[in-house]
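Here's the structure, in C-alpha cells; my notes come after.
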Number of protein chains: 2
Amino acid sequence: MITRKEVADRAGVSVAVVSYVLNNRSIVKEETRQKVLAVINELGYRPNQTARSLKTRKTGQIAVLVHFVGNPFEGGLLLYIEKKAKLSNYSVFFHSFEPAREEELKNTLMGRVDGILLLGQTLSEESQAFYSLMELPIVSLMHPGVSMPNIPVVDVDWVTEMRRLIVHLREQGHDRIAFMTAGDSQNPIAYRLIAFREAMRHEGLELPETYILEGAGRFEMAFHTLTTTLTQGFDFTAIVAANDLMAVGCLAACRESGILVPYQLAIAGCEDILMSSQVSPALTAISYPRMEVGLAATELLLSLIDGDNRKTPRLEGKLSVRASTVEP
Amino acid sequence: MITRKEVADRAGVSVAVVSYVLNNRSIVKEETRQKVLAVINELGYRPNQTARSLKTRKTGQIAVLVHFVGNPFEGGLLLYIEKKAKLSNYSVFFHSFEPAREEELKNTLMGRVDGILLLGQTLSEESQAFYSLMELPIVSLMHPGVSMPNIPVVDVDWVTEMRRLIVHLREQGHDRIAFMTAGDSQNPIAYRLIAFREAMRHEGLELPETYILEGAGRFEMAFHTLTTTLTQGFDFTAIVAANDLMAVGCLAACRESGILVPYQLAIAGCEDILMSSQVSPALTAISYPRMEVGLAATELLLSLIDGDNRKTPRLEGKLSVRASTVEP
DNA sequence: CTGTTAGCGCTTTCAC
DNA sequence: GTGAAAGCGCTAACAG
C-alpha cells in the first residue's frame, strides 16, 4: 500500500505538507502544491479512510438498519437515503436488524458510523442508552411500534392517513373493515395497526379482534392467512393491509378462492409501491411519500451528526384510489 | 468515549491483557479474564472498529455497488448478499455506482473495504488496474456488458436461459421476437442483449435492428417506448424484456393501448420478481436464481479476501411459464 | 501469564 | 510555508 510517507519523500516535502494539499489548505505554496499533486497522480496514491477516521473521529458512514430488503418498499427508501447521504459525502452502511442480536450490533457499529437510521425498528432501552452515551445520533424513519422518547421520528401522520382511507371505504359502503398486521410490537410496521385502531375509533367504527389478521408483513403469509379466513367464513367487507406486499397477497388469495375484488371484498394497502398499481384489480393504497420521507430522515440525521438541531418535518401522504375498492 | 486504557486501569491490568481477553486468546488466567470482562460490562466498553481496522488492515466491510435499488430485483440480491456477509461477520457498504464518478469512488473505498461486489457494472480499465494494485478483490455478480478479464463473474449462462425462452416462444408459434434492452454497454443488464442475440442466432431466427427497443431498464421508459411503437405499427409477435420492470411496463403499455396479451403480443421477462407473478396476465419469465447467485457471489468474494482461490460456480435458472405467453 | 512498546496512516499543533 | 512530533485506539511482538 502506498502511504503518505512515500508521497512526501518522493515530492521532497514532509507528510504534513501532503496533508495540507489533500485537505485543500491554502497555506501551501502553489509550486509545492503542484509538485505534490504530481507525485500523488504518478503514484496513484489515495488516502486511507480508516486512518483518517481514527484521527478525525468522523467515519463518513451512517448505518441504515433494515428489516427486510426483499420488500420493494424498503428498497425504495434505501434509494433516497443513499442518494441524500452521498450528496453530503456520507456512505451507507447497511445492516439487517435482528432484535435478538442487538448486542452484537453495538460491536459492529462502534467506531464505524457517525449515526444510525432506523427503518421503524424498536431498540431496547439498553441499546438506546448505549448509543446515547456514545453520542451516536439516531433517527427513526417511520414510527416504531413502541415509543422511544429520545429518538426523533420522520414519518407521515398515520392516523390522518388511515382516516382518509377509512372515509373512502365508507363512501364505498364499507363499515366492517378488517386489518392485516405484521406480528409483534417490534415489527417496523406495528405502529400502523395502532394508528388504524385510533382512526377507526375516530370514525366511530367497531373493530372486533377477529378483524385483526396476521400477515407477518409478507406476501406468502398474507396469502395463507386470508385463504384460511376466506374458507372459514368472514363477515367484513373490506380489508386494509399494513403493507402492500400483504395487500397483494390478499388479492392473490381472493383470486385463488374465487372471491371477487372489490365486489365481495375490497382491499387496500398502505404504501403504494409500483406493484400495487400493476396488479389486477389495481390496489387502492395510501401513497407513502417515500422520497420525501427518505430524504428528510437522512437530512435530519446528518444535521444531528453536525450538531445542528433541526426539527422533524411533517410529511403527508395521499390516497391513490384504484379498482380494488371501487365498483365501476 | 471509553477506551481500552480505561478498562485496563480499572481492572488493574495492562491494555494488552484487555486485548487478549477481547480476542479470545486463551493465554489469560481465568481469574484475570473474569475481572476484565466484569469491567468491560460495567463500563459498557466496546472496542473501536476503526482503530482495530487500522492495525489489522482488515475492515470487515465489503462494498456492494448497486445500479438502481429502486428495482426490486436488486433489492432481492442485496438481501442474500447481506445475509451471507453477516454470517462471516462482514458488513455491507452500499453505494450507487455512477460511471462518471469512478474517480471519487476510489477515494471513498480506499482503506474502507476488503473487497468489492459489482452488480453487473463495468469498471474502466484504469479502475480495474487501480483496485488490482491495491489488492482489493472484486467479484461481479452478473455478467457485465463489457468483459473484464480479471474479474470473476457469478451468473447464470444467459445464452442457455435465453434459448430456453426462445424455444418456448417458438412452441407458441412466435418467430418474430423483439427485445427490450437497457441503453448503453455500461448498463448492468447490457449483457442480456448480447446473450439474446446469440441465442436467436443459435435458434436460427432473424433479429432485425428494429426489433431492439430501448427501455432504459425502467418501468416508465418501457411503457413509453412500447406505447410509441404500438401506435406506429409493429410486426413482431413477442417481446422479451431484459428485466422484469420493463416487462411489466410493456404489459401496462399493451393494456393502455388495447393490445391483448398474449393474443396480439406475447411478453416475457428475465428475472421473475414477485411482481411478475402477480400482474395480469401473469408474466412468463426466466426465473433468475437470486438467492443462489447472491450467496455464491458473496461467498466467492469472501474467499478471495481470505486468499483462497475458489472457482466460480455455474448456476442455472429455469423458465416460469405463465399466461403472458400462452393462449389458454 | 502479563506488561512494555512500537507502530498502523493520518491530522494538527507548534516551532522554526 | 514547512517540518517535527504527538497521538487517535488498537494489536502483537517481545521481554520479563
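Here is how names work: the chains are called A, B, and so on, in the same order as the sequence lines, proteins then strands, and each is numbered from 1.
- Remark: side-chain polar atoms of B/Ser127 are not paired, donor with acceptor, to backbone N or O of B/Leu123 under 3.5 angstrom.
- Residues A/Arg25 and B/Val15 both approach DNA chain C. Their nearest nucleotides, taken by heavy-atom distance, put B/Val15 toward the 5′ side.
- Counting to the nearest Å, the P atom of C/dC10 and the CZ atom of B/Arg112 are 13 Å from each other.
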TODO: List the steps and the verdict of salt bridge (Lys or Arg N to Asp or Glu O under 4.0 Å) for A/Lys86 and B/Glu98.
DONE: CA-CA 11 Å; A/Lys86 205 172 187 176; B/Glu98 300 170 71; 2.8 Å; yes
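- Side-chain atoms of B/Val13 lie closest to C/dG3 of the nucleotides C/dG3, D/dT2, D/dC10.
- For the pair B/Arg218 and B/Phe73, the cation does not sit on the ring face, since its NZ or CZ is not both under 6.0 Å from the ring centre and inside 45° of the axis.
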- [ ] Begin from the C-alpha positions of B/Lys106 and B/Glu126 and carry the test salt bridge (Lys or Arg N to Asp or Glu O under 4.0 Å) through to its verdict.
- [x] CA-CA 11 Å; B/Lys106 291 178 198 162; B/Glu126 192 212 339; 3.2 Å; yes
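- Within a heavy-atom distance below 4.0 Å of DNA chain C, the residues of residues 32-52 of chain A found are A/Tyr45, A/Pro47, A/Asn48, A/Ala51, A/Arg52.
- Using a 4.0 Å heavy-atom distance criterion, B/Ser19 is classed as a base contact.
- The number of heavy atoms from other shown groups lying within 6.0 Å of NZ (B/Lys5) does not exceed 12.
- In this structure, the CD1 atom of B/Ile27 is 11 Å from the P atom of D/dA13, given to the nearest Å.
- For the pair B/Arg46 and A/Phe130, the cation-pi test (distance below 6.0 Å, angle within 45°) is passed.
- Mapping B/Asn23 and A/Ser14 onto DNA chain D via the closest heavy atom, the residue that lands nearer the 5' end is A/Ser14.
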TODO: Would you write the dot-bracket representation of DNA chain D, where each base gets (, ), [, ], | or . depending on whether it forms a Watson-Crick or G-U pair under 3.5 Å and with which partner?
DONE: ||||||||||||||||
